[in-house]
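This report concerns only the one structure given below.
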2 protein chains.
Amino acid sequence: MPPTAVNHPLICKLEHSAALSQVERSALEALTLSRRPVSARHDIAVHDNTDRVYLVMSGIAGRYKTLRQGNRRIVSFAVPGDLCRMHICGPSTRDMRLGALTHCTVVDIPRTRLTELIETHPGIAHVMRWLAMMELNRAREWLVNDSRPADRRLAHHFCELLVCLQVVGLANENSFELAISQADLADAMGISQVHINRVLQGLRAGDLIVWSKSALTIPDVERLQAFAEFDPGYLDLRPAKAA
Amino acid sequence: MPPTAVNHPLICKLEHSAALSQVERSALEALTLSRRPVSARHDIAVHDNTDRVYLVMSGIAGRYKTLRQGNRRIVSFAVPGDLCRMHICGPSTRDMRLGALTHCTVVDIPRTRLTELIETHPGIAHVMRWLAMMELNRAREWLVNDSRPADRRLAHHFCELLVCLQVVGLANENSFELAISQADLADAMGISQVHINRVLQGLRAGDLIVWSKSALTIPDVERLQAFAEFDPGYLDLRPAKAA
DNA sequence: CGATGGCTTGAGAACACTCAATTGCTGTGG
DNA sequence: CCACAGCAATTGAGTGTTCTCAAGCCATCG
């Protein structure tokens, strides 16, 4: 197999939906040559610039909005392979921001070039539709998750991260690197920093997770999934990559 | 102007994104001839049937999921003109349900016929992409909303409902019919029935809303929007319908 | 008249918040 | 090597929100 499919998180992820032709893979790869570092706690997207799409190549970013009261709500994580600001029209989402939670490497993609690719390559158009749908499923799953008690909610996030990082080869069977802060996690769950600390301690005490030195390990994945009521179906990933 | 555009909620809503040709309007209309009543508290969608899309013509429905613990979380409302179960692939969303909150009239649309329309009419394809994007924006806005205190959160839902119903001509400047129960509202907000009752009393006491006899009136729309921190930008509706 | 479904109220417990202080780690400059 | 600043994690204490359980009320409908 070509090394590009393995190393390139976007292609890696998209091919969990449907296989791409070699031409399509190359076209996508050509889009993502020039990379740019973004340090933690800095915004990736220029606020009112809507003619660019951003691809995360490494690190973890977050789509978020800051409320008048001052608290920030992260509405989704963007891990390597995730395209951001795809779905924008007019001045609509001008107050939804995109920031790096850890140090990130990103690619700026002109929206027009991506549109061209979609119009000329049916395979790319197909996987992009799949992407939009999966993002919607994911957002609604986060809403459902918001109704769960905090400990199960947090567990659910960990389960989702595990699967999403496995897709791009950044997690093994039961662990992955997670360098974000507790404050970021709190903002993603909609609870306070003090409280997430105590919830984390609860999960640790129950041997559901081990999180030290930026490495998160899940001793018993099935047990954590059962605890979180996690069912990966909504991510709609094919069981395995059939080269 | 033709009466169909005024009376048909789906066309009415889609034309807030971009104008459709007369041929496209007729094609959509032809899809939605046979209507079916669904009484309150009954599911609209057959659980594991994924080859149909549902269009709400009257009443209010909700997309929801029931958690193990027994509580139900509504992740979005479907008002007249809303297409449901558009975005499904594989067995993914098998546990996300679609139920009528009030008495509803719905149209069952074979997914294949809608796909045909999208493939043959570029205008329809365009507005469908807009629709998917708006649903994602909306879901993320609900997530942000979940971080607000309960009274502001409820106010935000009312503001959104007002705009969405105005789009299809089911709300006037500051009021609309709202026949759903407090329990439904509670499930949409992720709080208990007892609590929503008290939050409602708070909004009523502050003269922010009047809700009696299934009619919701907002005495001062700007004041409620300010209270809820509501900005309709995420719905991406054009200011007015230009015939 | 009784049944039903929805709304309202009370009371105590559980959960999550804020404020504030402490600890530990890490990189930097002297 | 130490002092220091900055950031993240932790802990305590008191407060406020939201929950559950339970009962009562009020329409509507047969």
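The sequence lines fix the lettering, A, B, ..., with proteins before strands; numbering per chain opens at 1.
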Atom-pair distance (CG on Asp184(B); C1' on dC7(C)), nearest Å: 13 Å
Any donor-acceptor pair under 3.5 Å from Asp43(B) side chain to Ala45(B) backbone: no
Donor-acceptor side-chain pairing of Thr66(B) and Arg72(B) below 3.5 angstrom: no
Ile180(A) CD1 - dC7(D) P separation (whole Å): 18 Å
Tyr54(A) six-ring centre to Arg85(A) NZ/CZ under 6.0 Å and within 45° of normal: no
Atom-to-atom span, CG of Leu67(B) to P of dC19(D) - whole angstrom: 14 Å
Cation-pi check, Arg152(A) onto Phe227(A) ring (under 6.0 Å, within 45° of axis): yes
Nearest-Å distance for atom pair NE2/C1', residues His103(B) and dG5(C): 18 Å
Sugar-phosphate only, base, or nothing, as touched by Arg148(A) at under 4.0 Å among non-hydrogen atoms: nothing
Presence of Arg41(A) side-chain N/O under 4.0 Å of dA8(D) phosphate oxygens OP1/OP2: yes
Value in whole Å for how far the C1' atom of dT18(D) lies from CG of Asp146(A): 15 Å
Donor on one side chain, acceptor on other, Gln193(A) and Asn197(A), under 3.5 Å: no
Closest contact, heavy atoms only, Arg223(A) versus Gly206(A): NH2-O, 3.1 Å
Nearest-angstrom distance from the residue atom NE2 of His42(B) to P of dG5(C): 11 Å
Interface residues of residues 186-201 of chain B with DNA chain D (non-hydrogen, below 4.0 angstrom): Gly190(B), Ile191(B), Ser192(B), Val194(B), His195(B)
Parallel, tilted or perpendicular, as decided by the 30° and 60° cut-offs, for the rings of Phe77(B) and His157(B): perpendicular
Residue Ala150(A), side-chain atoms from C-beta onward, closest of dT10(D), dA8(D), dA16(C): dA16(C)
Atom pair distance, as rounded to whole Å: CG in Leu203(A) and P in dA9(D): 15 Å
Spacing between Lys213(A) atom NZ and dC25(C) atom P, to the nearest angstrom: 8 Å
